[in-house]
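Scroll down for the structure; my scribbles are underneath it.
As the structure is a computational prediction, the values presented were derived from the model and not from experiment. Quick note: residue numbers are just sequence positions, from 1. Counting starts at 1 for both ligands and their atoms, in listed order.
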Amino acid sequence: PPILVPDLAARLGLKPFNVMADLIKLGVFPAPNQPLEPEVAAQVCEIHGFTFEREKRDKDKGFHKVEEVIVEPEAPEAEPENLLKERPPIVTIMGHVDHGKTSILDYYRNSKVVSGEAGGITQHIGAYQVSHNDQLITFLDTPGHAIFADMRKRGANITDIAVIVVAANDGIMPQTLEAIKFAQKAQKTIIVAINKCDLPSANVERVKTQLAENGLQTTDYGGDTEFACISALKGDGMDVLLELILLQAEVMELRANPKATARAGVIEARVVPGRGTTATVIVESGTLKIGTPFICGPFAGKVRSLINDLGKNVKVALPGTPVEVIGFEELPHVGDHLTEMKNEREAKALGSERQEELRLKRLKPQHRNRMEDLFTMVNEGGGKNQLKIILKCDVQGSVEAIKKAILAIESEKVDCQFITAAAGPVTESDVAYAASSDAIIMGFNVKVEAKAVKSAKAAGVEIKLYSIVYELIDQVREAMLGLLEPLT
Ligand code: GDP
């Protein structure tokens, strides 16, 4: 169905004039009742944190009809209150290098893993859970030196709370500031861990003053930034930090519906020898189960096994839980979302549709080479220009004749090159070639396949069709001599 402004506005929970304002910002001025292009609708959706998707649905008569459906990833539809259950907070530790991020993560990993599990966590899946006073906390455990740009992809959206570590002997350093800015921009709740308080050179008061200077006033200074003085080395204050995290989590009322459609964010993805493609996800809503068919970015999949942070096989993963998923068709991207689908068939269909869209998008930025552009190129001078042609004709005989006639045209300014010259209709792969080699497509007495029309439009590839040989040759000659009028 056509996408109209009032309908789109209603689905986004906005007034039509809000959508009009967005459209004008995007440089689109639709007349009343004029349907929007799907790409434009998608951009409007994006502004408001929605994702715009097309979904194929079987219609009564057995043919496929493309429908426009809006799915909402950032804020799942309001769940009925009674279905919402508390979920563990998801925490990221950030801070300047050597201030103790790894030490904090190691300390909790070794001492506070879910009770009853001996030996601690030996397997790194990118996140792990600890239990404190019977409450769970999920820590993102980004290996190595997390770059902030990477962090953004990895977990910023999933993260609820950012713990900013500052070494008490060192004070605020450049990366501390970066971390603070980053967390503030992403609107994460910040808790400050003043680390290395065991050192004689520790100066907690100085750290607090520096924090205040940078907009984080600690609670004891009358502000609202919670902080803990800790020693990741000795373990001092480590429980206090967990309690602060749980307290904040309570204030934030972190809840999710375990019965909703499963949705999870990918925080790591890798190929493990013997296991194949795996990814660690953190479940955001619903419950991930073995056998769940899903879509993740452009790839379909089905949960074959789930491995928790202790390396154990589990059957289900609830909201807030990190789990390694086996069953991806291809390596997903960190930051992508895994969404449960009704069945494998639908997952596969949506997967191929998204892959197709990606493919077309990759073709898009290619320079549009039109014959008319040669006019400008030729008349602007410079070196010799290239006219690249993909020629498709009804029969081999015309291929030879036309090719010969075109190669016979002499031009000082333009060289002509045939990328392809063959009999047959204009296909999608001709378009792909044209886009990648910056060629134009010329067809003589041939049809253009429906898929090729679509991708040519998307990629900005010109297809010229002729049924009279001399017209075709004349047009090439004019172009090569720089005589063709530019299109305006
Ligand atoms: P990261 O770069 O932020 O991950 O920092 P690390 O956790 O690797 O810690 C850097 C150095 O500081 C290591 O040598 C740690 O042993 C040391 N360190 C971490 N926490 C403490 C602490 O609470 N007290 C002391 N004295 N040293 C610490």
How does [X] reach ligand 1, if at all, at less than 4.0 Å between non-hydrogen atoms: by side chain, backbone, both, or neither?
X	result
Asn195	side chain
Lys101	both
Asp198	side chain
Leu199	side chain
Lys234	neither

side-chain contact (heavy atoms from CB on, under 4.5 Å) filter on Val314, not counting sequence neighbours, yields Leu306, Asn308, Val323

Would you say Ser111's side chain and Tyr107's backbone share a donor-acceptor pair under 3.5 angstrom? yes

Contacting atoms of ligand 1, where contact means under 4.0 angstrom from a heavy atom of [X]:
X	answer
His96	3 (O)
Val97	2 (O)
Ser103	6 (P), 7 (O), 9 (O), 15 (C), 19 (C), 20 (N)

Cut-off 3.5 Å, side chains only: do [X] and [Y] have a donor facing an acceptor?
X	Y	answer
Tyr221	Glu205	yes
Glu284	His337	yes
Asp170	His99	yes

Nearest-option assignment for [atom], heavy atoms, candidates [options]:
atom	options	value
atom 10 (C) of ligand 1	Ile104, Asp98, Asn169, Asp236	Asp98
atom 8 (O) of ligand 1	Asp106, Thr102, Ile93, Leu105	Thr102
atom 11 (C) of ligand 1	Lys196, Met238, His99	Lys196

Q) Do Asp160 and Lys188 meet the salt-bridge criterion of a basic N to acidic O distance under 4.0 Å? A) no

Item to check | Ion pair check, Glu324 and Arg270, cut-off under 4.0 Å | outcome: yes

Is there a polar contact, in the sense of an N or O pair closer than 3.5 Å, between Leu233 and ligand 1?
yes

Hits for side-chain hydrogen bond (donor to acceptor under 3.5 Å, both in side chains) against Asp224, two or more places apart or cross-chain, chain-then-number order -> none

